[in-house]
Amino acid sequence: MSKHIAIGVDIGGSGIKAAPVNLKTGEFADERYRIPTPQPSTPEAVGKTVAKCIARFEPSRKTPIGVAFPGVIQHGVVMTAANVEDSWVGVNLRELIRDYAGHDVHVLNDADAAGFGEYRYGAAHGRDGSIFMTTLGTGIGTAMIVDGVLVPNLELGHLIIDGHDAEEYAAESARDRHNLDWDGWIVELQKYYSEIERLFWPDLIIVGGGVSKKHHMFLPKLTLRAPIMPAELLNGAGIVGAAAAAHAEAVKEKARAKEHAKQAERTAKKAAKRAEKSR
């Protein structure tokens with residue numbers, strides 16, 4: 001597999017999707033592969049399914065592989081699980097997939113993956129400053145990239161606004177849940193994004209999720225300081241972002257290993273000089 005290719009996997013509540021991604025363009029290098037998420041979605045069942053998705057593309061040992069998961073991820077460990085079984089909490093996702101797939105992987109939150117994908121190849125490509133990404137769906141997924149650096153696990157869909165979790169009225173699902181027409185929902189979105197601006201002052205806001213296809217119905221009616229625009233990568237953002245994040249992490253690990261080797265060499269030279277002086 002080409003050195004310009006990384007594999008991205010997106011674990012969702014209904015499907016697990018994967019594709020090799022061209023790191024130069026952000027485009028899929030092969031057709032996306034999808035397997036329905038196992039029910040029940042236990043760690044073992046999902047781990048095996050992810051392994052099948054990865055094996056589909058026959059990656060080499062050096063191919064970066066990124067996996068996006070719908071929950072908070074800290075140091076490879078799942079801390080929350082919204083759309084999968086509660087048994088996921090406390091599971092080391094990185095080790096689980098490595099055991100089943102036989103490949104090391106980089107794991108991250110799915111909204112973080114989507115945001116990073118939009119930063120590298122989508123609506124925020126080439127933009128500096130603070131980029132705030134939201135995915136409006138059953139809930140509100142959020143991500144922030146500051147001067148190219150991802151700030152992980154920002155669960156800002158759970159801000160308390162008017163005494164309620166923001167997702168209750170501002171998620172796309174709220175339109176049906178509370179029988180809101182477009183104008184009624186826009187009022188709730190305005191409250192949410194105004195609070196985001198008050199707290200974080202982003203330079204750009206990106207809106208993803210399925211409803212972003214109808215962005216002309218609501219984005220132009222929001223009054224904000226920062227420009228707000230629809231995501232460009234659509235349903236591929238998680239896969240693309242996971243692949244890009246895995247590649248970025250591989251580059252960092254290589255740099256760290258090189259620096260450690262240099263440090264070890266310097267330490268060895270100092271030890272040799274001290275030994276020489278003590279003779």
Spacing of CD belonging to E168 relative to CD1 belonging to I160, to within rounding of 0.5 Å: 10.5 Å
Going through the checks in order, is the salt bridge (charged side-chain N to carboxylate O under 4.0 Å, His left out) test met by E195 and R198? CA-CA 5 Å; E195 184 70 358; R198 186 182 74 83; 2.9 Å; yes
What distance separates F218 CZ from E172 CD, expressed to the nearest 0.5 Å? 8.5 Å
Measure across P43 and S87 and return the closest heavy-atom pair with its distance rounded to 0.1 Å. CD-OG, 3.4 Å
Could you pull out every donor-acceptor pair under 3.5 Å between side chains of residues 7-20 and any protein atom, sequence neighbours left out?
none

Please step through salt bridge (charged side-chain N to carboxylate O under 4.0 Å, His left out) for the pair R127 and D203, ending with a clear verdict. CA-CA 9 Å; R127 298 288 293 260; D203 295 297; over 6 Å; no
Are any non-hydrogen side-chain atoms of L23 and I5 less than 4.5 angstrom apart? no
At their closest point, which heavy atom of A248 faces which heavy atom of F116, and how far apart are they? CB-CZ, 4.4 Å
Evaluate whether atom CG of D86 has more than 12 neighbouring non-hydrogen atoms of other residues, nucleotides or ligands under 6.0 angstrom away. no
I'd like to check V78 versus F69 (side-chain heavy atoms, cut-off strictly below 4.5 Å). Are they in contact? yes
Using the salt bridge (charged side-chain N to carboxylate O under 4.0 Å, His left out) rule, take R61 and D104 through it: C-alpha gap first, then chi angles, then the decisive distance, then the call. CA-CA 8 Å; R61 292 293 177 188; D104 193 17; over 6 Å; no
Has the side chain of W88 got a donor or acceptor atom that lies under 3.5 Å from a matching backbone atom of S41? yes
Steps toward side-chain contact (heavy atoms from CB on, under 4.5 Å) verdict (L204, M229): CA-CA 8 Å; L204 173 67; M229 62 181 62; 3.7 Å; yes
Is there side-chain contact between K262 and E259, with at least one heavy-atom pair below 4.5 Å? yes
Using a 4.5 Å cut-off on heavy atoms from C-beta on, say whether the side chain of Y193 contacts that of T134. yes
Do I65 and Y33 sit in one hydrophobic cluster, given that two such residues count as connected whenever their side-chain heavy atoms are within less than 4.5 Å of each other, even indirectly? yes
Should V89 and M79 be marked as a side-chain contact (heavy atoms from CB on, under 4.5 Å) after you check the CA-CA gap, both sets of side-chain angles, and the distance that decides it? CA-CA 5 Å; V89 177; M79 307 304 291; 5.8 Å; no
Could you report the tightest heavy-atom contact between P202 and I196, atom names first, then the distance? CD-O, 4.1 Å
Quick check: closest heavy atoms across A231 and A123, and the distance to 0.1 Å? CA-CB, 4.5 Å
Counting N and O atoms only, with roles assigned by atom type, does the side chain of T42 sit under 3.5 Å from a partner on the main chain of A45, one being a donor and the other an acceptor? yes
Only one of K254, R256, R94 forms a salt bridge (Lys or Arg N to Asp or Glu O under 4.0 Å) with E249, so which one is it? R256
Are L189 and V187 connected in a single hydrophobic cluster, I mean Ile/Leu/Val/Met/Phe/Trp/Tyr linked by side-chain heavy atoms less than 4.5 Å apart? no
Heavy-atom closest pair (M133 atom, G115 atom, distance to 0.1 Å) is CG-CA, 3.8 Å
Quick one, Y121 and E232 - any side-chain contact, counting heavy atoms below 4.5 Å? no
Does one hydrophobic cluster hold both L93 and V46, with members joined at side-chain heavy-atom distances below 4.5 Å? yes
Under 3.5 Å, sequence neighbours excluded: what are the donor-acceptor pairs made by side chains of residues 136-156?
residue, atom, partner, partner atom, Å
T142, OG1, L154, O, 2.2
T142, OG1, L156, N, 3.1
D147, OD1, G129, N, 2.8
N153, OD1, I73, N, 3.1
N153, ND2, I73, O, 2.6

Can you confirm whether more than 12 heavy atoms, excluding those of R56, are under 6.0 Å from its CZ atom? no
Q74 side, atom CD; T80 side, atom OG1 - distance, nearest 0.5 Å: 9.5 Å
Is it possible for you to say whether L108 and Y119 belong to one hydrophobic cluster, with membership spreading through side-chain heavy-atom contacts below 4.5 Å? yes
Kindly indicate, with the supporting measurements, whether the criterion ring pair (Phe, Tyr, Trp, His ring centres under 6.0 Å) is fulfilled by Y169 and W185. CA-CA 7 Å; Y169 288 94; W185 188 51; over 10 Å; no
Output yes when a side-chain donor or acceptor of E118 lies under 3.5 Å from a complementary backbone atom of H125, and no otherwise. no
List the steps, then state whether side-chain contact (heavy atoms from CB on, under 4.5 Å) holds for K221 with D183. CA-CA 9 Å; K221 298 181 181 181; D183 288 340; 3.8 Å; yes
Taken in chain and number order and not counting sequence neighbours, the residues that satisfy side-chain contact (heavy atoms from CB on, under 4.5 Å) with K62 are S60
Close side-chain approach of L159 and L199, heavy atoms under 4.5 Å: yes
Describe, in one word, how the ring planes of F132 and Y192 are oriented to each other, choosing from parallel (under 30°), tilted (30 to 60°) and perpendicular (over 60°). tilted
Any donor-acceptor pair under 3.5 Å linking the side chain of T63 with the backbone of A6? no
Please determine whether the number of non-hydrogen atoms from other residues, nucleotides or ligands lying under 6.0 Å from atom CD of E31 exceeds 12. no
Report, as yes or no, whether the 6.0 Å neighbourhood of atom CH2 on W201 holds more than 12 heavy atoms from other residues, nucleotides or ligands. no
N235 atom CG: more than 12 heavy-atom contacts under 6.0 Å: no
Using 0.5 Å steps for rounding, measure from the CD1 atom of I206 to the CG atom of L219. 11.5 Å
Flag side-chain contact, heavy atom, 4.5 Å: Y100 against E44: yes
Under a 4.5 Å cut-off applied to non-hydrogen side-chain atoms, are I54 and I97 in contact? yes
I need the minimum non-hydrogen distance between P230 and S212, along with the two atoms involved. CB-O, 4.1 Å
List the steps, then state whether side-chain contact (heavy atoms from CB on, under 4.5 Å) holds for D162 with K191. CA-CA 9 Å; D162 291 343; K191 292 178 185 177; 2.8 Å; yes
Same apolar cluster: L224 and I186, side chain cutoff 4.5 Å: yes
Nearest 0.5 Å please: distance from the CD1 atom of I228 over to the CD atom of E197. 8.0 Å
